[in-house]
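For this chain, numbers begin at 1 and follow the sequence in order.
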Amino acid sequence: MAASDSQLEQIYLSESNAALNSQIQLQLYGSYIYLSMASFCNKEEVALGSFALFFLRQSQKWMKRTEMLFSLLTERHGSLTLGRIANQDHRQDWFDGLMAMECAFHLEKTINQSLLQLYSLANNKGDLSLCQFLKCHFLPQQVEILKEMGGYMTNLRRLGAPENHNAEKLFDQLTMADSIKKK
């Protein structure tokens with residue numbers, strides 16, 4: 001016997017709510033990692049204050065976007081299922097600002113891929129509301145941050161990072177500080 005439209009809709013809602021929960025978990029993890037990066041850059045021996053502020057703002061952005069997804073999940077009568085955000089025994093160590101930025105770039109790519117999968121699921125099931133929500137609040141922002149971080153990494157390497165430690169200090173004081181002022 002074929003499933004009714006109502007049963008199929010329930011199955012999709014269950015699947016999409018699970019995907020939203022997974023996205024929320026990933027974004028909370030991203031916020032957590034960005035806080036760790038900010039802390040690293042604020043260390044006296046690292047002293048990359050503008051990097052730290054950039055990473056702190058990224059953490060705050062992901063927390064805000066996570067709250068948006070939580071609200072959406074609630075509107076869709078879904079329930080939030082939280083697990084551990086990150087393994088507390090696993091410490092993230094970065095050797096320099098460039099390495100932290102590279103890790104942040106890969107984190108953003110991972111989050112972006114997950115968002116694209118969520119969009120694809122919604123699109124395949126005709127969930128125009130979720131598609132529009134992602135297009136409005138997430139996907140264009142992902143393109144921008146990936147482009148911005150890619151430019152930062154390219155410029156850091158052109159300045160001689162990571163071999164030239166003064167390159168990161170200069171980049172932090174000029175480029176990163178100027179970028180943060182504009183936002």
Side-chain angles (χ1 to χ4, degrees), residues 19-71 80-118 134 137-183:
L20 285 168
N21 266 291
S22 178
Q23 185 65 36
I24 287 170
Q25 286 282 74
L26 181 58
Q27 289 177 194
L28 287 173
Y29 174 76
S31 180
Y32 175 86
I33 292 298
Y34 276 123
L35 280 176
S36 181
M37 289 176 176
S39 175
F40 166 78
C41 291
N42 262 337
K43 289 181 180 178
E44 190 174 319
E45 64 272 17
V46 179
L48 296 173
S50 295
F51 273 80
L53 187 54
F54 173 79
F55 291 137
L56 181 60
R57 286 186 178 170
Q58 284 303 113
S59 175
Q60 293 166 344
K61 285 178 185 176
W62 279 118
M63 189 55 69
K64 181 182 174 191
R65 290 179 184 155
T66 300
E67 291 169 5
M68 291 170 61
L69 281 183
F70 172 69
S71 294
L80 184 61
T81 307
L82 292 177
R84 289 181 65 151
I85 294 172
N87 185 348
Q88 301 298 329
D89 298 329
H90 179 70
R91 249 182 75 218
Q92 294 290 336
D93 287 319
W94 299 278
F95 298 111
D96 52 43
L98 176 60
M99 182 183 235
M101 190 63 71
E102 287 171 339
C103 289
F105 182 76
H106 290 290
L107 174 62
E108 291 293 343
K109 283 177 37 178
T110 300
I111 293 172
N112 187 59
Q113 184 60 42
S114 180
L115 286 165
L116 290 172
Q117 289 170 345
L118 182 58
L134 294 171
H137 298 290
F138 288 87
L139 298 175
Q141 293 84 344
Q142 282 306 107
V143 170
E144 288 304 311
I145 194 63
L146 287 167
K147 192 165 89 172
E148 182 179 355
M149 287 180 172
Y152 289 160
M153 291 184 305
T154 298
N155 290 337
L156 279 163
R157 287 188 193 101
R158 284 182 183 159
L159 289 170
E163 295 81 13
N164 179 357
H165 296 292
N166 289 329
E168 286 187 347
K169 302 281 186 204
L170 186 63
F171 189 82
D172 181 71
Q173 293 171 357
L174 299 176
T175 304
M176 292 297 288
D178 188 47
S179 172
I180 288 168
K181 287 178 190 172
K182 291 178 182 176
K183 292 183 179 185

Value for CG (Asn42) from CE (Met37), rounded to nearest 0.5 Å, stands at 14.0 Å

Quick one: does Arg57's side chain have a donor or acceptor within less than 3.5 Å of a partner on Ile180's backbone?
yes

Short side-chain to backbone donor-acceptor contact, Ser50 and Asp172, under 3.5 Å
yes

Glu45 CD to Phe40 CZ distance, which is reported to the nearest 0.5 Å:
8.0 Å

Rounding to 0.5 Å, atoms CG (Leu115) and NE2 (His137) come to a distance of 12.5 Å

In terms of ring plane angle, is the pair Phe171 and Tyr152 parallel, tilted or perpendicular, where the classes change at 30° and 60°?
perpendicular

Taking the side chain as C-beta and beyond, is there a heavy-atom pair between Asn155 and Arg158 under 4.5 Å?
yes

Look up atom CD in Gln25 and atom CG in Leu80, then write down how far apart they are to the nearest 0.5 Å.
7.5 Å

For Leu170, is there any backbone N or O sitting under 3.5 Å from a side-chain donor or acceptor partner on Gln173?
no

Are side-chain heavy atoms of Leu28 and Met63 found at a separation under 4.5 Å?
yes

Side-chain donor or acceptor of Lys43 paired with backbone N/O of Leu48 under 3.5 Å
no

Checking Arg157 against Glu102 for the salt bridge (Lys or Arg N to Asp or Glu O under 4.0 Å) test, could you report, in this order, the C-alpha distance in whole Å, the side-chain angles of both residues, the deciding distance, and whether it holds?
CA-CA 11 Å; Arg157 287 188 193 101; Glu102 287 171 339; 2.4 Å; yes

Roughly how far, to the nearest 0.5 Å, is the OG atom of Ser31 from the NZ atom of Lys64?
13.5 Å

Heavy-atom side-chain contact between Gln27 and Phe138 under 4.5 Å
yes

Partner of Met176 under side chain to side chain contact (heavy atoms under 4.5 Å, CB included), picked from Glu168, Met101, Lys181, is Met101

Side-chain heavy-atom pair Cys41, Phe55 within 4.5 angstrom cut-off
yes

Greater than 12 external heavy atoms within 6.0 Å of Phe70's CZ
no

Which is it for Glu67 and Trp62 under the side-chain hydrogen bond (donor to acceptor under 3.5 Å, both in side chains) test, yes or no, and what are the steps along the way?
CA-CA 9 Å; Glu67 291 169 5; Trp62 279 118; over 6 Å; no

Main-chain N/O of Glu108 paired with Gln142 side-chain donor or acceptor, under 3.5 Å:
yes

Do the non-hydrogen side-chain atoms of Val46 and Phe51 ever get within less than 4.5 Å of each other?
no

Value for CG (Leu26) from OG (Ser114), rounded to nearest 0.5 Å, stands at 5.0 Å

With a 4.5 Å heavy-atom cut-off, do Asn166 and Leu159 have their side chains touching?
no

Main-chain N/O of Leu69 paired with Gln23 side-chain donor or acceptor, under 3.5 Å
no

